[in-house]
Amino acid sequence: MPRYQPRQLEPKWQAYWEKHETFRTPDLPTGPKLYVLDMFPYPSGDGLHVGHPEGYTATDIVCRFERMRGKSVLHPMGFDAFGLPAEEHAIRTNTPPRVQTERNIANFRRQLKMLGLSYDWNRELATTDVDYFRWTQWIFTLLFDTWFDDEAGRGRPIAELPVPSEVAEQGEREIRKYQDQFRLAYQSDALVNWCPALGTVLANEEVIDGKSERGNHPVQRIPLRQWMLRITAYADRLERDLELVRWPDSTKKLQADWIGRSVGAEVDFFLGSPEQFSDWKSERSRRGFPAQPGADVLRIYTTRPDTLFGATYMVIAPEHPFVDRLTTAGQRAAITAYRERAATRSDRERTEASKAKTGVFTGSHAINPVNGQPIPIWIADYVLISYGTGAIMAVPAHDTRDFEFAVEFHLPIVAVVDPGSVGEVDRAKLLAGEQCYAGVGRAIHSNEFDGMETEPFKIRIAERLAAEGIGRRAVNYKLRDWLFSRQRFWGEPFPILHELDGAGQPTGMLRAVPPDQLPVDLPRLDDYKPHGRPEPPLAKAPDDWLYPVIDGQRYRRETNTMPQWAGSCWYYLRFIDPKNPQAPVDREKERVWMPVDLYVGGAEHAVLHLLYARFWHKVLYDRGFVSTPEPFARLVHQGMILGEIEFTGYQDASGNWISASDVAEDANGAPVMRIKTPTGGAATTPPTALQARKVDPEQVEKKGDLFVLRELPSIRIESRANKMSKSRGNVVNPDEIVRDFGADSLRLYEMFMGPLEQVKPWSMAGVSGVRGFLDRAWRMIVDEKLEAIALSPAIDDSLPSDAQNRVIHKTIQAVTRDLERMEFNTAIARMMEFVNFFTKESQRPRSAMEAFVLLLSPFAPHIAEELWQLLGHSQSLAHAPWPPFEEAYTRDTSIEVPVQICGKLRSKISVPADCSPDDLETAARADARIAELLAGKQIVKSIVVPGRLVNFVVK
RNA sequence: GGCCGAGUGGCGGAAUGGCAGACGCACAGGACUUAAAAUCCUGUUUGGGGUUACCCAAGUGCGGGUUCGAGUCCCGCCUCGGCUACCA
């Protein structure tokens, strides 16, 4: 037999690990703890993708390595199993979504186990488990029970919310209504993205170009009662605490940009006549800036209060509540038409039309508070109702959007910032209103502020506005509250009850389901179809589910369900204590295991999942249920794995090759002839459609930087790796790789492809390459010529020679260091060098082979266990100590040092490793070749770097 | 448009500012074999020179700069990829 046969070996060891519970993690760590987490997968019907094992193998290697170094490792896996595909399947087949979901989970579990990942499967969970979502619901009730105390900067129980006495006097129901306005989970009538085809409302981030992310269906905006989570209350802390975590800078920046904190000022523009303006101003001076703007002003938000003198018009969002009031009779028809169009216009249409600004004059004016000038008020959809105050002052000279709008509608442009001599700005054009400049400079046309630099001016004018009661400093965030409800069946039901009156009508009073009555399980339905109305499928539930009676009071259950994000917001906590019936997680266990020390997952979750989870974590922290301010101490993103590199050529309808340099893409991304219009004018005929053809690598050759057809070198061929997709037919299935090469080869290849975080193309030849390495490693230890399994005759109990010791200890050192840095590809290269060396050795000491097997084991655990057993061990190596290296053997006694003349390599000398700089220089001068080249030259300078090089600078 | 990342042999990639191309793939030649597969050995950046050992020159997307010395640091571009998009 004994060739290396992963197909027999791998199931054997997987069964062994399972039987011996090799990777069971104790409830509490027995040594230094390490919590390593993968982003758990959505169990789709397609099964695992080769992208999954990339991150999973990386974390598995870290876990196996650290276990051997004595750490108590928590390494769990689960499934993010709510979601639309299962529900769509349920609708098609009229089976409960749970059925298909569990089938998919079983397949994912099988595939994950097939990879030999060292999870503690006793901790497995799915977000759809009733025992799990019971606590998701419990956390929702906690959000419902929490308000954000701005002064303390943290969430507190709603019972501690100060209630104004005039409210308290009106009794219990008024108090509850008052409290409802401050809860972190609240209801709101929001304009939502209603997708008729999916029968659900989507979050903004699930809508791409006006189409649903899933299915690409059209989306409309309609108002609907929705559950919202007040994530904006935590915006400041979510941004600030990014400092506490070791995450990629790019991800931190993405989150900070998404939160989008900006500091500026709110300013009130007077809506009365110029004659009343001075009265208004003096009244404001007396009474100060009101917390809520009255009807006599239009309140705007700006980050550039220094440009107030350049405000030549104002714009309010089409949805702004003042639109009706500000519209004059003559403008009414135009305004109404514009508002209707804006309401029905999808985001896609807005995007496409973004080149040209649109808007309508209301007929009204407001007065610029700094100079008393009346300026016109317009409505336009480039101003968003949901940001700031929904109204802006337009400063066309210093804001590109305002500039485009002003040019379009011939509005005045007044420059108030002198850029001085900034590179690309034409100062004369700016002053003439022909160019826009958004940068900083020195104030002009700003009365007594002329000459001030932008930054001090901002501070000065803010003080002035505050003193005069017409403005105040303000902070805004791009982040919006989180639209948290979905009109679907397959999600966590909200643990919320709507109180009903005697006639069965809602009273508007809410209560959370009491904790002892959780979970609220999903009811069985006759069918799972959405009805095309924005009313959730749960409204079709049987009455005994829908209308519970508690303490004699009849209620209607909330019929919305939570979005898929909910379950992934806290799963990392449940893994610590997955079976706890009393609490989401035991506090003592939480305290010792948290935070997650290493979290690995795709960069596509850089914003949403990671931001939502941090938000929930902070609420749990404020309420005393977790002990760390941040959940994920360190984050790493694995890079995407692309398909095999493909050569693509293009042909026209008659089969003539078209050079890739002459190919462009049309609006749909289809290849067409590039239109050459030397004058830059628009083409009159539509471009010729082309066919993309896969070209055999044999027919292609490299010419300079490009690839061309071998037969027809004038034809350029595209060479690139594409995203794996069903439609392209370049998806690699892990089942096939395991079948053909083995799980160890798949693991090893995914790590050997390149740095973990980089995007990399798949290559089947590469997989067989690492398989070749495992074959060689096997033959280094096993005698494969024999029928029975036996060690290679080269293996004995001798002590390693000096040369062997150097290889052994250098390899241990390098692999250990690379693992600590998560540089897996170079660690594998070092092990390959080890095998290349030792297969040439006729005497292979057992101790050396054992050290190698231990080094290999985190990467290729099955073959390593098998070899470990062959080397005479009866126990799994999973907890064997990591081999140490001896410093002395990692240093060579004699080293080769390059000698340069004027930075060019001219010779190499061999010297003792501890050679002094003086001796090194002497040895370099003594080298025959160097001496010859130095003869007759004057040495200007000698650079001697001990152990590295010698460089002579000569004239 | 903005932000982030990446450009090194035929390919994936390696290189604390110090010998560019480790390791693997692919390819070529050789050994073993009746033969093939498998395996083992040797070679492979480009151009030029030499009988061999070898020597010379150029070379990490492009153009500058810092330095004794730059794939690596700085400035300015180009190309590709990802994310994002009127946030006042």
Side-chain angles (χ1 to χ4, degrees), chain A residues 3 205 208-209 248-251 253-254 257-258 260-262 264 300-304 307 315 347 350-351 354-355 357 380-384 386-395 398-402 404-405 438 476-480 603-604 606-607 639-640 642 644-645 697 700-702 705 707 719-721 723 749 752-755 757-770 772-773 775-776 779 784 823 825-833 836 839-840 896-908 940-943 945 947-954:
Chain A
R3 280 183 53 194
E205 50 273 14
I208 293 165
D209 290 340
D249 285 340
S250 56
T251 304
K253 190 169 184 311
L254 225 49
D257 287 350
W258 189 267
R261 183 174 198 267
S262 75
I300 60 100
Y301 171 73
T302 179
T303 54
R304 292 293 301 268
T307 60
V315 184
D347 284 353
R350 284 196 182 195
T351 311
S354 68
K355 296 145 208 155
K357 292 270 183 292
D381 64 6
Y382 83 90
V383 172
L384 310 174
S386 50
Y387 185 77
T389 60
I392 63 156
M393 65 168 189
V395 185
H398 304 292
D399 180 287
T400 52
R401 296 151 304 181
D402 297 344
E404 286 166 17
F405 192 84
N476 259 299
Y477 299 93
K478 289 205 306 199
L479 184 69
R480 305 293 148 80
E604 66 273 22
V607 178
M640 201 194 316
L642 305 174
E644 295 248 2
I645 291 178
V700 174
E701 68 181 357
K702 191 155 187 176
D705 288 341
F707 287 90
S719 156
R720 57 182 257 186
K723 258 188 199 174
Y749 174 64
F752 189 60
M753 289 169 86
E757 302 187 47
Q758 217 162 82
V759 180
K760 316 165 266 280
W762 184 266
S763 153
M764 273 314 168
V767 187
S768 74
V770 294
F773 160 65
D775 282 324
R776 282 192 294 280
R779 286 194 299 271
E784 70 167 4
E823 292 171 3
N825 54 332
T826 49
I828 294 167
R830 294 290 91 80
M831 292 190 283
M832 288 172 167
E833 286 176 307
N836 290 346
T839 40
K840 291 190 181 87
E896 199 177 54
V897 172
V899 183
Q900 300 179 338
I901 293 177
C902 291
K904 284 187 191 292
L905 178 71
R906 290 305 175 209
S907 186
K908 294 172 192 177
V940 183
K941 195 173 175 185
S942 312
I943 292 106
V945 184
R948 302 302 299 196
L949 95 168
V950 180
N951 185 13
F952 295 107
V953 184
V954 300

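Labels below follow one simple rule: chain letters A, B, ... track the order of the sequence lines, proteins then strands, and each chain is numbered from 1. Side-chain atoms are counted along with the backbone in the values below, which use heavy atoms only and exclude waters and symmetry mates.
Taking only side-chain nitrogens and oxygens, A:Gln758 comes nearer than 4.0 Å to OP1 or OP2 of B:G13. The side chain of A:Arg720 places an N or O atom within less than 4.0 Å of a non-bridging phosphate oxygen (OP1 or OP2) of B:G81. Of the side-chain N and O atoms in A:Lys478, none sit less than 4.0 angstrom from OP1 or OP2 of B:C86. Taking 4.0 angstrom as the limit, A:Ser262 places a side-chain polar atom (N or O) nearer than this to OP1 or OP2 of B:A88.
Note on A:Asp775 versus A:Arg779: no salt bridge recorded, every NZ/NE/NH1/NH2 to OD/OE distance being 4.0 Å or above.
Where A:Ser768 and A:Lys760 each meet RNA chain B at their nearest nucleotide, the meeting point lying more 5' is that of A:Lys760. When each of A:Lys908 and A:Val759 is assigned the nucleotide of RNA chain B bearing its nearest heavy atom, the one mapping closer to the 5' terminus is A:Val759.
Distance CE (A:Met831) to P (B:G24): 13 Å, rounded to an integer number of Å. The interatomic distance linking A:Asp257 (CG) with B:C86 (P) rounds to 14 Å, in whole Å. A:Tyr301 places its OH atom 8 Å from the C1' atom of B:A88, with the value rounded to the nearest Å. In this structure, CD1 of A:Ile300 is placed 12 Å from P of B:A88, rounded to the nearest angstrom. Across the protein-nucleic acid pair, A:Arg480 atom CZ and B:C86 atom P stand 10 Å apart, rounded to whole Å. If you take CD of A:Glu823 and P of B:A14, they are 9 Å apart, rounded to a whole angstrom.
Across all strands shown, A:Thr302 has heavy atoms under 4.0 Å from sugar-phosphate atoms exclusively, and none from any base. Across all strands shown, A:Glu896 has heavy atoms under 4.0 Å from base atoms, whether or not it also approaches the sugar-phosphate. A:Thr400 comes within 4.0 angstrom of nothing in the nucleic acid, heavy atoms only. Counting any heavy atom pair closer than 4.0 Å across all strands shown, A:Asn825 reaches sugar-phosphate atoms only and no base atom. The residue A:Arg261 sits apart from the nucleic acid: no heavy atom pair falls under 4.0 Å. Within 4.0 Å of A:Gln900, counting heavy atoms only, lies at least one base atom of the nucleic acid. Within the nucleic acid shown, A:Pro755 comes within 4.0 Å of sugar-phosphate atoms alone, with no base atom in reach, counting heavy atoms only. Within the nucleic acid shown, A:Gly769 comes within 4.0 Å of sugar-phosphate atoms alone, with no base atom in reach, counting heavy atoms only.
Taking both residues in full, the closest heavy atoms of A:Leu254 and A:Ala606 are given as CD2-CB, 3.7 Å, listed atom of the first, atom of the second, then distance. Residues A:Val897 and A:Arg948 share a closest heavy-atom pair of CG1-O, 3.6 Å.
Proximity note for A:Pro761 (side chain, C-beta onward) versus B:G24, B:G18, B:G13: the nearest is B:G13.
For A:Lys253 against B:C3, no side-chain N or O and base N or O form a donor-acceptor pair under 3.5 Å.
The main-chain N or O of A:Ser262 is never found under 3.5 Å from a side-chain atom of A:Asn476 such that the two would form a donor-acceptor pair. A donor-acceptor pair is defined here as one N or O able to donate and one able to accept, closer than 3.5 Å; no such pair exists between the side chain of A:Tyr749 and the backbone of A:Trp762.
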remark   = Per-nt protein contacts along nucleotides 36-41 of chain B (heavy atom under 4.0 Å; B base, S backbone sugar-phosphate only, - none) come out as ---SSS
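With hydrogens and angles left out, the side-chain atoms of A:Ser386 and A:Arg480 include a donor and acceptor closer than 3.5 Å.
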remark   = RNA chain B in dot-bracket form (Watson-Crick or G-U pairs under 3.5 Å, [ ] crossing, | inter-strand) is (((((((..(((.....[....)))((((((.......))))))(((((....)))))..(((((..]....))))))))))))....
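Residues satisfying the side-chain contact (heavy atoms from CB on, under 4.5 Å) test with A:Ser250, not counting sequence neighbours, are A:Pro248. In this structure A:Ala721 satisfies the side-chain contact (heavy atoms from CB on, under 4.5 Å) test together with A:Leu642, A:Ile645, A:Pro761, sequence neighbours excluded. Remark: A:Ser768 engages A:Phe741 in a side-chain contact (heavy atoms from CB on, under 4.5 Å) (not counting sequence neighbours).
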task = Start with the C-alpha distance between A:Gln900 and A:Ile943, add both sets of side-chain angles, then the distance that settles side chain to side chain contact (heavy atoms under 4.5 Å, CB included), and finish with yes or no.
result = CA-CA 9 Å; A:Gln900 300 179 338; A:Ile943 292 106; over 6 Å; no
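Remark: A:Arg261 CZ to A:Lys478 NZ distance equals 14.5 Å, nearest 0.5 Å.
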Produce the list of close N/O pairs, under 3.5 Å, pairing protein atoms with atoms of nucleotides 60-67 of chain B; give distances to one decimal.
none

